[in-house]
Amino acid sequence: MQDVETSEEFVLNCDRWMARNKDDCDLTRELALSVKDKPPSPLYIYEVTIFTGDHWAAETDANLYITIFGTQGDTGKRMLYNSTMNQVKFRTGQIDVFEFEAVALGDLTNVEIGHNSKGHGAGIFIDNVVVVEKDSSKAFTQHVFPCRTWLDDREGDGKTWRNLPMLGDLTKIRLEHDNSNPSPAWHVSWIRMVDSSTGEEHIFCFNQWLAVDEGDGEIMREVPAKIKKQKPLPGVRPAVVPPSVITKWFKDIQPLKSQGKWSAWVFCGMENHGGTDEDVYLVICGMNGESKPVKINEKDQLNPSNVVKLDLSVGDIGAIIKIRLYFGEEYTGTPWYLQRVKLKDQDTGEEFNFECNKTLEGSDNNPNGKIELPAVRPDIEPLKDDEFTIYVATGNHDKSDTEAEIFCEIVGDWGTSGKILLTHSNNSVMYKKGQVDEFHVKGLELGEIHEITIGHNEKGRGQGWFCERVVVKSKLSPLMKVFPCNRWLDTGCEDRQLVRKLKPIGYLPELGKQLPSEGKSKGIWNCSVITADKDKLPSSAIDRSSRSRAISLVVYGDKGVTGPLELTNQNPELFLPGQIDVFSVSMNV
């Protein structure tokens with residue numbers, strides 16, 4: 001470098017790579033000048049440690065940048081590119097370390113950290129940033145910059161950049177808890193803190209409850225530090241702003257609405273099974289429904305270390321809660337290692353990362369290798385892993401048994417299980433007359449189960465099946481839910497349907513456990529049946545309502561099932577409109 005006017009000249013030696021795949025992977029180099037025979041300022045390596053919070057959806061794929069400020073300048077904006085500790089950066093609860101070189105900054109004062117990604121889920125929750133000035137006299141000093149908040153335009157205050165001052169003199173402390181234990185109420189009298197290096201002591205007087213049902217109901221308290229010859233910080237409690245004021249000043253802020261158009265990235269593993277030639281399908285599951293299955297390797301192959309991108313139109317399925325992947329019908333048994341799947345809404349910028357890091361492979365209990373991954377959202381707890389035990393009872397009628405491939409689907413508060421192939425039970429030969437087959441299926445929790453769909457696709461005489469009932473037990477619940485069927489699934493019987501939607505009639509306790517009861521029953525019960533009045537019947541049923549008919553009853557209990565029991569008594573005309581019929585039935589359930 002040469003000054004055009006004075007001809008003053010500087011020669012700056014670099015001899016370093018500026019590349020993402022060489023040296024320290026940095027694209028920025030700082031070179032110190034030597035002025036008037038003064039030695040140049042030293043170059044130091046600044047080690048930056050990012051503590052990602054242990055919070056739902058705390059991780060991000062965004063590019064984070066940091067600027068470190070000191071009394072003698074700053075580093076300029078540096079991208080946190082190459083974590084020396086982890087191959088994948090900024091995962092939930094993870095610690096990532098980065099290093100870059102800069103001219104000495106003097107005493108560090110603050111850092112600025114942030115990203116430019118938009119959309120719910122695209123941000124990050126950072127606990128702390130710690131900077132160490134290596135190769136200097138302060139190499140053993142950690143400079144701590146507390147953050148403990150979101151860098152997300154849809155969380156907290158909506159900021160994606162933070163200016164973090166260094167943790168200096170103690171000014172206040174904060175106590176809080178999550179109110180999650182059975183008895184979370186906590187009364188705090190005082191807290192004493194002592195600096196182990198200087199012996200400086202602080203006493204923080206609380207004398208307050210941290211409880212939702214005690215005192216003022218707060219579970220977070222801040223108390224200022226008392227320092228000699230200084231006034232403590234005032235205690236401030238947030239005010240509740242009237243809705244009219246909020247509407248006046250913030251009515252222009254409206255949430256972006258999704259049009260159901262998403263981009264998806266599928267990250268294949270680097271392991272031996274990181275690629276596959278099998279057909280792999282993806283389903284996006286929301287609170288209001290599911291997308292149609294999409295073949296993710298329709299255009300691009302799933303090779304080891306590949307990232308396959310595709311665009312999806314999922315429709316109005318509501319808030320996304322999980323995704324489902326499985327192999328196609330022509331699956332030959334080849335395993336495939338999936339690292340993760342990323343989704344991004346093309347309209348709102350909302351993002352989801354679905355970490356997998358496991359092999360998808362078919363098995364006896366899971367023929368198509370199906371796997372479900374929960375959506376990790378900042379605002380909702382992710383769905384838990386669950387295992388369902390499904391009991392399928394075949395009837396005692398002639399020709400009740402079948403060799404058809406039976407499938408079912410469980411429907412609950414949190415979506416569906418997807419199509420489950422019931423191909424491997426506790427019996428060597430399945431679906432025999434009068435037999436109960438037991439199946440075990442892994443998936444994500446469904447909440448309260450409302451419906452079961454069961455069926456098969458075999459057409460023709462003799463291919464049908466009589467299903468008596470289905471019972472479902474979730475590993476997360478002590479109860480078993482009963483779904484009566486008592487119908488043929490046969491193109492040659494009844495209504496010729498091959499698929500039935502079943503509603504539950506109630507619960508059974510877990511096998512080996514008894515429901516509480518009063519006294520001891522002798523098994524004789526009075527059963528009253530109230531038939532609807534004519535004005536409540538559809539017009540198509542009025543003509544048939546004046547005729548008596550044969551009605552049977554099946555009763556389920558914790559010791560077994562009784563029935564069908566034909567409901568008869570001495571009255572020749574039964575079940576007429578508006579009539580109450582009483583029957584005496586004997587059962588041992």
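In what follows, residues are counted from 1 in the order of the sequence shown.
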With rounding to the nearest 0.5 angstrom, report the [atom1] to [atom2] distance, [X] to [Y].
| X | Y | atom1 | atom2 | result |
| --- | --- | --- | --- | --- |
| Ser477 | Glu445 | OG | CD | 11.5 Å |
| Leu343 | Ile284 | CG | CD1 | 4.5 Å |
| Tyr331 | Glu278 | OH | CD | 6.0 Å |
| Asp437 | Asn426 | CG | CG | 6.0 Å |
| Lys358 | His273 | NZ | NE2 | 16.0 Å |
| Lys370 | Lys419 | NZ | NZ | 11.0 Å |

*Please state whether the rings of Trp209 and His187 are parallel, tilted or perpendicular, taking 30° and 60° as the class boundaries.*
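The rings of Trp209 and His187 stand perpendicular, inter-plane angle above 60°.
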*May I ask you to decide if the ring planes of Phe352 and Phe354 are parallel, tilted or perpendicular, using 30° and 60° as cut-offs?*
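If you compare the ring of Phe352 with that of Phe354, the planes turn out tilted.
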Would you check if the side chain of [X] reaches a backbone N or O of [Y] as a donor-acceptor pair within less than 3.5 Å?
| X | Y | value |
| --- | --- | --- |
| Asp152 | Gly123 | yes |
| Glu351 | Thr60 | no |
| Arg221 | Ile173 | no |
| Arg20 | Cys25 | yes |
| Trp336 | Glu361 | no |
| Asn368 | Glu329 | no |
| Lys481 | Ile449 | yes |
| Thr160 | His115 | yes |
| Asn306 | Val308 | no |

Has [X] got more than 12 heavy atoms of other residues, nucleotides or ligands less than 6.0 Å from its [atom1]?
| X | atom1 | result |
| --- | --- | --- |
| Asp277 | CG | no |
| Glu451 | CD | yes |
| Glu387 | CD | yes |
| Glu494 | CD | yes |
| Lys261 | NZ | no |
| Trp414 | CH2 | no |
| Lys433 | NZ | yes |
| Tyr81 | OH | no |

List the atom of [X], the atom of [Y], and the distance in Å for their closest heavy-atom pair.
| X | Y | answer |
| --- | --- | --- |
| Leu338 | Phe267 | CD1-O, 3.5 Å |
| Arg324 | Cys285 | NH2-SG, 3.7 Å |
| Leu421 | Phe407 | CD2-CB, 4.2 Å |
| Lys309 | Ser263 | NZ-OG, 3.9 Å |
| Thr49 | Phe51 | CG2-CE1, 3.5 Å |
| Asp347 | Ser258 | OD2-C, 4.4 Å |

Determine whether [X] and [Y] make a side-chain contact, defined as any pair of heavy atoms from C-beta on separated by less than 4.5 Å.
| X | Y | result |
| --- | --- | --- |
| Tyr326 | Val283 | yes |
| Leu502 | Ile454 | yes |
| Ile371 | Cys356 | yes |
| Lys299 | Leu310 | no |
| Asn128 | Arg148 | yes |
| Tyr431 | His456 | no |
| Asp54 | Phe125 | no |
| Met287 | Ile321 | yes |

*Between Cys268 and Tyr337, does a side chain to side chain contact (heavy atoms under 4.5 Å, CB included) hold up when you go through it step by step?*
CA-CA 6 Å; Cys268 299; Tyr337 190 93; over 6 Å; no
*For the side chain to side chain donor-acceptor pair (under 3.5 Å) test, which of Arg91, Arg340, Lys342 pairs with Glu355?*
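Of Arg91, Arg340, Lys342, side chain to side chain donor-acceptor pair (under 3.5 Å) with Glu355 is met by Arg91 alone.
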*Trp465 pairs by side chain to side chain donor-acceptor pair (under 3.5 Å) with which of Thr394, Thr402, Asp490?*
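So, applying the side chain to side chain donor-acceptor pair (under 3.5 Å) to Trp465 and each of Thr394, Thr402, Asp490, only Thr394 qualifies.
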*Kindly determine whether Glu99 and Thr84 satisfy side-chain hydrogen bond (donor to acceptor under 3.5 Å, both in side chains), including the steps that lead there.*
CA-CA 8 Å; Glu99 292 183 352; Thr84 62; 5.7 Å; no
State whether [X] and [Y] are salt-bridged, where the test is any N-O pair (Lys NZ or Arg NE/NH1/NH2 against Asp/Glu carboxylate O) under 4.0 Å.
| X | Y | value |
| --- | --- | --- |
| Glu438 | Lys473 | no |
| Asp96 | Lys89 | no |
| Asp385 | Lys475 | no |

*Run the side chain to side chain contact (heavy atoms under 4.5 Å, CB included) check on Glu47 and Val97 step by step: do they pass?*
CA-CA 7 Å; Glu47 181 185 85; Val97 178; 3.5 Å; yes
*Give the intermediate values and the outcome of side-chain hydrogen bond (donor to acceptor under 3.5 Å, both in side chains) for residues Asp413 and His450.*
CA-CA 8 Å; Asp413 290 335; His450 306 300; 2.5 Å; yes
_Worked check of side-chain hydrogen bond (donor to acceptor under 3.5 Å, both in side chains) between Trp161 and Asn116_ = CA-CA 8 Å; Trp161 286 87; Asn116 295 318; 3.2 Å; yes
*Which is it for Leu489 and Cys467 under the side chain to side chain contact (heavy atoms under 4.5 Å, CB included) test, yes or no, and what are the steps along the way?*
CA-CA 7 Å; Leu489 284 72; Cys467 177; 4.0 Å; yes
*Starting from the C-alpha separation in whole Å, work towards a yes-or-no answer on side chain to side chain contact (heavy atoms under 4.5 Å, CB included) for Asn427 and Gln435.*
CA-CA 9 Å; Asn427 298 306; Gln435 180 172 285; 3.2 Å; yes
